[in-house]
2 protein chains.
Amino acid sequence: MVVYQTQDMDLSDDEVDRIFRALADTTRRDIVRRTLTDEASISDLAHRYEMSFAAVQKHITVLEGAGLVTKHRNGRERRIRGNPEAIRKAQTLLNAYERIWQGRIDRLDALLAQN
Amino acid sequence: MVVYQTQDMDLSDDEVDRIFRALADTTRRDIVRRTLTDEASISDLAHRYEMSFAAVQKHITVLEGAGLVTKHRNGRERRIRGNPEAIRKAQTLLNAYERIWQGRIDRLDALLAQN
DNA sequence: CTAATGTAAAACCAAATGGTTGTATATCAA
DNA sequence: TTGATATACAACCATTTGGTTTTACATTAG
């Protein structure tokens, strides 16, 4: 079910779940941050963290499932690239929440001004 | 360890983990959205979802742990109130990621212009 | 061709998550 | 004072998560 819509974006509950879930891990956020500027292979990334290659691989699978990174084959390597589109989806939702809150404040202000 | 700082905000890895984790569930996001405009008791909220009172209570505990809602005693009730501050913390991080990505684009543009 | 490198995927494990039911306690209403 | 309501909390359970090791396969380098 689509729960949030803007001009150019439909967000299902599941999709939002996956994006936030993927962002809820320090290693995964670090991978996203890193690959937003510099594409890297899985091995490149695996070297940077104190865990097994397979563990990093799994993190990347989670990120890919959430659309936060994309994989691109390059010979025997897979280049991982951060995807700003998924970031924007999360931002869009949070912005909506902020507007909702601001709306309450505005109504309270109006109520006060009226008395 | 503090991983992200702005003028008025320090964000530890754990704190960010908790915020995103808490947001990674449809019921919890709904509770946040709802209580950002209208304070509600736990029972009020529990009535709205097809799960036990205790389950909703647990969701609220998770949200409170992430700072996304606050509890305020009112007689035998606890009023739950959404907290925009935690939303802003998440926004701040995502904005930083977007700027990082934009930075890469800017550098690529500069490189192209140079040749 | 062979060895080394890069990735994929399976099997396994402990801990965390998201739900349940049941029990205890506090407060309010009649 | 007693019954109903609101919350808290513990115990339990199935599934998911985040890690491991191992095995297999593809590709590149010498």
Side-chain angles (χ1 to χ4, degrees), chain A residues 3 12-35 38-82, chain B residues 3 12-35 38-82:
Chain A
V3 305
S12 72
D13 284 334
D14 276 1
E15 186 178 6
V16 178
D17 283 3
R18 280 195 302 271
I19 293 176
F20 282 130
R21 187 84 198 62
L23 288 171
D25 178 280
T26 305
T27 302
R28 288 197 292 259
R29 282 194 303 279
D30 198 66
I31 291 174
V32 169
R33 196 179 45 70
R34 215 174 265 287
T35 57
D38 304 297
E39 225 181 68
S41 72
I42 303 181
S43 311
D44 289 344
L45 292 167
H47 286 312
R48 301 187 173 274
Y49 307 101
E50 301 216 325
M51 64 184 76
S52 69
F53 175 87
V56 173
Q57 211 175 9
K58 279 194 182 182
H59 280 307
I60 290 170
T61 300
V62 171
L63 289 169
E64 196 186 15
L68 281 158
V69 305
T70 53
K71 274 190 200 173
H72 307 270
R73 181 176 207 123
N74 182 269
R76 66 182 154 181
E77 282 187 345
R78 300 298 173 93
R79 312 289 294 175
I80 307 301
R81 190 183 300 166
Chain B
V3 305
S12 72
D13 284 333
D14 277 1
E15 186 178 6
V16 178
D17 283 4
R18 279 194 302 272
I19 293 176
F20 282 129
R21 187 83 199 62
L23 288 171
D25 179 279
T26 305
T27 302
R28 288 198 292 260
R29 282 194 304 278
D30 197 67
I31 291 174
V32 168
R33 197 178 44 69
R34 216 174 264 288
T35 58
D38 303 297
E39 225 179 69
S41 72
I42 302 181
S43 310
D44 290 343
L45 293 168
H47 286 311
R48 300 187 173 274
Y49 307 102
E50 301 215 325
M51 64 185 76
S52 69
F53 177 87
V56 173
Q57 212 175 10
K58 279 193 182 185
H59 281 308
I60 291 170
T61 301
V62 171
L63 289 169
E64 196 187 14
L68 281 158
V69 304
T70 53
K71 274 190 201 174
H72 307 270
R73 181 179 205 121
N74 182 270
R76 66 184 154 179
E77 282 186 345
R78 299 301 172 92
R79 311 289 295 174
I80 307 301
R81 191 183 299 165

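What you see is a predicted model, and the numbers here were worked out from it, not measured in a lab. Each chain gets a letter, A, B and so on, in the order its sequence line appears, and its residues count up from 1.
Taking atom CE of residue A:Met51 and atom P of nucleotide D:dT21, one finds them 13 Å apart after rounding to whole Å. Per the geometry, CZ belonging to B:Arg28 stands 12 Å off C1' belonging to C:dG19, to the nearest Å. Look at CG on A:Asp17: it is 13 Å from C1' on C:dT17, rounded to the nearest Å. Between the C1' atom of C:dG19 and the CZ atom of B:Phe53 lies a distance of 15 Å, rounded to the nearest Å. Computed from coordinates, the A:Phe20 CZ to D:dT16 P distance equals 22 Å when rounded to whole Å. The separation between A:Asp25 atom CG and C:dA15 atom P is 18 Å, rounded to whole Å. Spacing between atom NE2 of A:His72 and atom C1' of C:dG6 amounts to 17 Å, rounded to whole angstrom units. Note: NE2 (A:His59) to C1' (D:dT20) measures 12 Å, nearest angstrom.
In this structure, B:Lys58 does not reach the D:dA10 phosphate: none of its side-chain N or O atoms is under 4.0 Å from OP1 or OP2. Neither OP1 nor OP2 of D:dG18 sits under 4.0 Å from any side-chain N or O of A:Thr27. Applying the 4.0 Å criterion to OP1 and OP2 of C:dT21, one finds that B:Ser52 has every side-chain N and O outside that range.
Along DNA chain C, the nucleotide closest to A:Gln57 and the one closest to A:Arg21 are compared, and the more 5′ of them pairs with A:Gln57. Remark on DNA chain D: of its neighbouring residues A:Ala54 and A:Val62, the 5'-side contact belongs to A:Val62, judged by nearest-heavy-atom nucleotide.
The line from CG of A:Leu23 to CD1 of B:Ile19 is 12.0 Å long, rounded to the nearest 0.5 Å. Rounding to the nearest 0.5 Å gives a distance of 7.0 Å between OG1 of B:Thr35 and CG of B:Leu45. Here the CG atom belonging to B:Asp38 is positioned 12.0 Å from the CZ atom belonging to B:Arg81, to the nearest 0.5 angstrom. To the nearest 0.5 Å, atom CG of residue A:Asp25 and atom NE2 of residue A:His59 are 4.5 Å apart. The CD1 atom of B:Ile60 lies 11.5 Å from the OG1 atom of B:Thr70; values are rounded to the nearest 0.5 Å. Here the straight-line distance linking atom CG of B:Asp14 with atom CZ of B:Arg21 works out to 13.5 Å at 0.5 Å rounding.
When distances run from any side-chain atom of A:Glu77 to the nucleotides D:dA8, D:dA6, C:dT7, the shortest one goes to C:dT7. Closest contact between the side chain of A:Ala55 and the listed nucleotides D:dG19, C:dG22, D:dA6 involves D:dG19.
Each end of the helix from C:dC1-D:dG30 to C:dA30-D:dT1 gets its own axis, taken as the rotation carrying the C1' atoms of four end pairs onto the next four within a five-pair window, and the two axes meet at 30° to the nearest 10 degrees.
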inquiry  = Using side-chain contact (heavy atoms from CB on, under 4.5 Å), reason through A:Thr27 and A:Met51 one step at a time and then give a plain yes or no.
reply    = CA-CA 10 Å; A:Thr27 302; A:Met51 64 184 76; 3.6 Å; yes

query = Passes side-chain contact (heavy atoms from CB on, under 4.5 Å), B:Arg29 versus A:Phe20? Steps please.
reply = CA-CA 11 Å; B:Arg29 282 194 304 278; A:Phe20 282 130; 4.1 Å; yes

ask   = B:Leu63 and B:Ile80: side-chain contact (heavy atoms from CB on, under 4.5 Å), yes or no, with the steps?
value = CA-CA 10 Å; B:Leu63 289 169; B:Ile80 307 301; over 6 Å; no

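Within the nucleic acid shown, A:Arg79 has no heavy atom closer than 4.0 Å to any nucleic acid atom.
With 3.5 Å as the limit, one finds no donor-acceptor pair spanning the side chains of B:Arg79 and B:His72.
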Report, one pair per line, the protein and nucleotides 27-29 of chain C atoms (nitrogen or oxygen only) whose separation is under 3.5 Å.
| unit_1 | atom_1 | unit_2 | atom_2 | d |
| --- | --- | --- | --- | --- |
| C:dT27 | OP1 | B:Arg73 | NH2 | 3.1 |
| C:dT27 | O2 | B:Arg76 | NH1 | 3.3 |

